[in-house]
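Every number for a ligand or one of its atoms is a count from 1 in the order of the listing.
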Amino acid sequence: MGKINDQIQAAYEVFRQKVDFQPDVALVLGSGLGGFSSELEISAELPYSEIPGFPVSTAPGHVGRYLFGTLNGQDGKKVRLVLMQGRVHYYEGYPMEMVVLPARLIQRMGAKVLFLTNAAGGCGDGFHPGCLMMITDHIACFVQNPLIGPNEDEIGLRFPDMSQVYDLQLQEQIRAAAREEQIELFEGVYAQLTGPSYETPAEIRMLKSLGASAVGMSTAVEAIAAHHAGMRICGVSCITNMAAGLSAGKLSEEEVLENAQLVADKFQRLVKASILRFGETLEVGSNG
Ligand code: HPA
């Protein structure tokens with residue numbers, strides 16, 4: 001067995017000892033979006049600090065724990081969720097394999113779908129602060145690839161295909177959820193940079209010319225690692241600000257967190273309605 005696989009297995013055993021819950025869907029909550037937990041009937045929690053060898057998030061607004069619970073819809077619909085409340089970022093100084101470890105453990109827990117969310121700067125046409133963008137593809141070539149190093153065949157292929165990272169059926173279900181909830185939903189390509197400095201206006205012009213509509217410091221590497229391990233992926237960015245050079249004034253963390261709070265309700269409605277739709281086509285509850 002490989003080193004990463006051993007690490008995931010050791011973390012999985014801690015999870016099995018402490019938590020009796022089998023998630024169907026995993027949801028990673030981005031900056032300021034942690035309020036989603038109020039939607040769940042909570043069954044258990046597992047702080048990262050209780051998992052030996054696990055990275056602990058130092059980013060503001062990132063609690064650093066898994067929360068397990070059931071999302072209850074109308075007509076008795078139920079989806080069992082694990083929330084990753086707070087993620088670790090490459091800019092915090094962790095090696096990339098540590099950054100993606102929490103996402104890999106989610107796959108080992110049995111979740112089939114990974115729903116990634118984040119706060120991002122927007123550079124797409126028509127975007128405005130507070131709008132939501134469904135991620136249809138990503139640009140990750142400005143950050144280190146999380147699969148660098150010896151490949152562990154138990155996890156996935158050495159050269160995994162990335163031509164459709166974001167699952168088409170999940171995308172369709174998110175679109176349908178947005179229509180149902182009457183939420184304006186943009187779509188586009190998310191570019192991950194390392195941070196922690198925000199981009200320069202020249203970098204944003206470059207990214208826009210490469211086809212990006214949103215830019216941030218997370219998500220794409222988690223998508224790569226989870227896709228490598230066979231999960232179905234989807235994602236939504238909360239555009240908290242126009243990217244550098246596209247509006248007057250400086251970028252700040254305060255603006256990002258404040259705007260994320262302002263749209264938290266809309267974002268939560270979209271994510272909830274989407275996940276309940278996923279539940280209709282997943283074999284929900286059959287894995288536990
Ligand atoms: N750039 C990078 N990351 C971000 C931004 C941004 O403009 N807004 C929120 N996260």
Side-chain angles (χ1 to χ4, degrees), residues 27-36 57-64 84-94 96 99-100 103 115-144 146 185-224 235-268 270-271:
L27 173 62
V28 180
L29 296 170
S31 295
L33 305 173
F36 191 82
S57 175
T58 61
H62 288 255
V63 187
M84 234 174 88
Q85 221 178 18
R87 49 157 63 97
V88 285
H89 302 81
Y90 188 57
Y91 66 71
E92 294 176 71
Y94 289 108
M96 200 53 101
V99 172
V100 299
F115 196 145
L116 295 160
T117 70
N118 57 47
C123 56
D125 293 335
F127 282 28
H128 52 85
C131 73
L132 300 177
M133 183 194 91
M134 180 173 75
I135 303 173
T136 55
D137 202 351
H138 69 222
I139 294 172
C141 55
F142 297 111
V143 287
Q144 189 186 308
L185 183 64
F186 290 87
E187 298 186 11
V189 173
Y190 175 88
Q192 179 174 357
L193 271 64
T194 65
S197 50
Y198 289 114
E199 302 71 36
T200 63
E203 286 163 346
I204 294 300
R205 285 194 297 275
M206 171 192 74
L207 291 170
K208 193 169 160 64
S209 77
L210 296 179
S213 291
V215 54
M217 306 175 192
S218 66
T219 303
V221 293
E222 292 154 305
I224 291 171
V236 174
S237 292
C238 171
I239 305 299
T240 50
N241 56 282
M242 292 313 289
L246 299 181
S247 66
K250 293 184 176 180
L251 270 55
S252 74
E253 182 193 326
E254 290 72 28
E255 181 192 13
V256 167
L257 294 178
E258 226 175 271
N259 284 334
Q261 276 317 315
L262 287 177
V263 291
D265 177 63
K266 173 171 80 168
F267 168 76
Q268 267 175 231
L270 176 65
V271 172

Could you walk me through whether T194 and Y90 pass the side chain to side chain contact (heavy atoms under 4.5 Å, CB included) check? CA-CA 6 Å; T194 65; Y90 188 57; 3.9 Å; yes
Show your working on side chain to side chain contact (heavy atoms under 4.5 Å, CB included) between V28 and E222 and close with a plain yes or no. CA-CA 10 Å; V28 180; E222 292 154 305; 4.1 Å; yes
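For ligand 1, the protein residues within 4.0 angstrom (heavy atoms only) are A119, A120, G121, Y198, E199, V215, G216, M217, T240, N241, L251, V256.
Between A214 and C123, the shortest heavy-atom distance links the atoms N-SG, 4.2 Å.
Rounded to the nearest 0.5 Å, atoms CD (E187) and CD1 (I135) are 11.5 Å apart. Y190 contributes atom OH, which lies 9.5 Å from atom CG of L116 (distance to the nearest 0.5 angstrom). Separating the OH atom in Y198 from the CD atom in E253 is a distance of 6.0 Å, to the nearest 0.5 Å.
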